[in-house]
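Accompanying notes for the structure given below.
Every value quoted in this text rests on a predicted model; they were computed, and no experiment measured them. Residues take their numbers from the sequence shown, with the count starting at 1.
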Amino acid sequence: NAPIFSALELSSILLGLLEGRLDEAAEEAEGAAEGYPPLPRRLFRELAGAIRAYKERGEEAREALIEAVLKLFYYHL
């Protein structure tokens with residue numbers, strides 16, 4: 001049951017990223033982390049941190065953001 005809901009939360013976060021709502025996407029990722037077991041919790045927190053870093057440092061933090069998104073994507077396969 002949890003992977004279905006976490007996939008929905010991930011899609012909402014990705015939509016926020018695509019629309020440029022970085023603060024909202026980071027908050028959603030942090031909030032999503034609270035309701036799951038250790039692995040997805042860690043991955044959502046990593047994504048939240050990567051989004052915030054990207055907002056602050058731009059291209060310098062782009063690779064970490066991509067990696068965080070990919071980890072969550074592959075978690076849901």
- Under the side-chain hydrogen bond (donor to acceptor under 3.5 Å, both in side chains) test, residues paired with E59 that sit two or more places apart: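 For E59 there are no side-chain hydrogen bond (donor to acceptor under 3.5 Å, both in side chains) partners, ignoring immediate neighbours.
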
- Would you call the rings of H76 and F44 parallel, tilted or perpendicular if under 30° counts as parallel and over 60° as perpendicular?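 Judged by the thresholds at 30° and 60°, the geometry between H76 and F44 is perpendicular.
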
- Is a donor on one side and an acceptor on the other found under 3.5 Å between the side chain of Y75 and the backbone of L43?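 Side chain of Y75 to backbone of L43: no pair is present.
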
For residues 60-74, which side-chain N or O atoms pair as donor and acceptor with protein atoms under 3.5 Å away, sequence neighbours left out?
unit_1: E60; atom_1: OE2; unit_2: R57; atom_2: NE; d: 3.1
unit_1: K71; atom_1: NZ; unit_2: E46; atom_2: OE1; d: 3.4
unit_1: K71; atom_1: NZ; unit_2: E46; atom_2: OE2; d: 2.9

Just list the side-chain donor-acceptor pairs under 3.5 Å for residues 14-28, sequence neighbours left out, or say none.
unit_1: E19; atom_1: OE1; unit_2: R21; atom_2: NE; d: 2.8
unit_1: E19; atom_1: OE1; unit_2: R21; atom_2: NH2; d: 2.6
unit_1: R21; atom_1: NH1; unit_2: E24; atom_2: OE1; d: 3.2
unit_1: R21; atom_1: NH1; unit_2: E24; atom_2: OE2; d: 2.3
unit_1: D23; atom_1: OD1; unit_2: K55; atom_2: NZ; d: 2.9
unit_1: D23; atom_1: OD2; unit_2: K55; atom_2: NZ; d: 2.8
unit_1: E28; atom_1: OE1; unit_2: S12; atom_2: OG; d: 2.6

- Item | Residues which pass side chain to side chain contact (heavy atoms under 4.5 Å, CB included) with R41, listed by chain and number, not counting sequence neighbours |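 Testing R41 for side chain to side chain contact (heavy atoms under 4.5 Å, CB included), a comparison that skips the adjacent residues, returns A33, P38, R45.
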
- Message: With rounding to the nearest 0.5 angstrom, report the CD1 to CD distance, I51 to E56.
- Response: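 With rounding to 0.5 Å, CD1 (I51) is 12.5 Å from CD (E56).
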
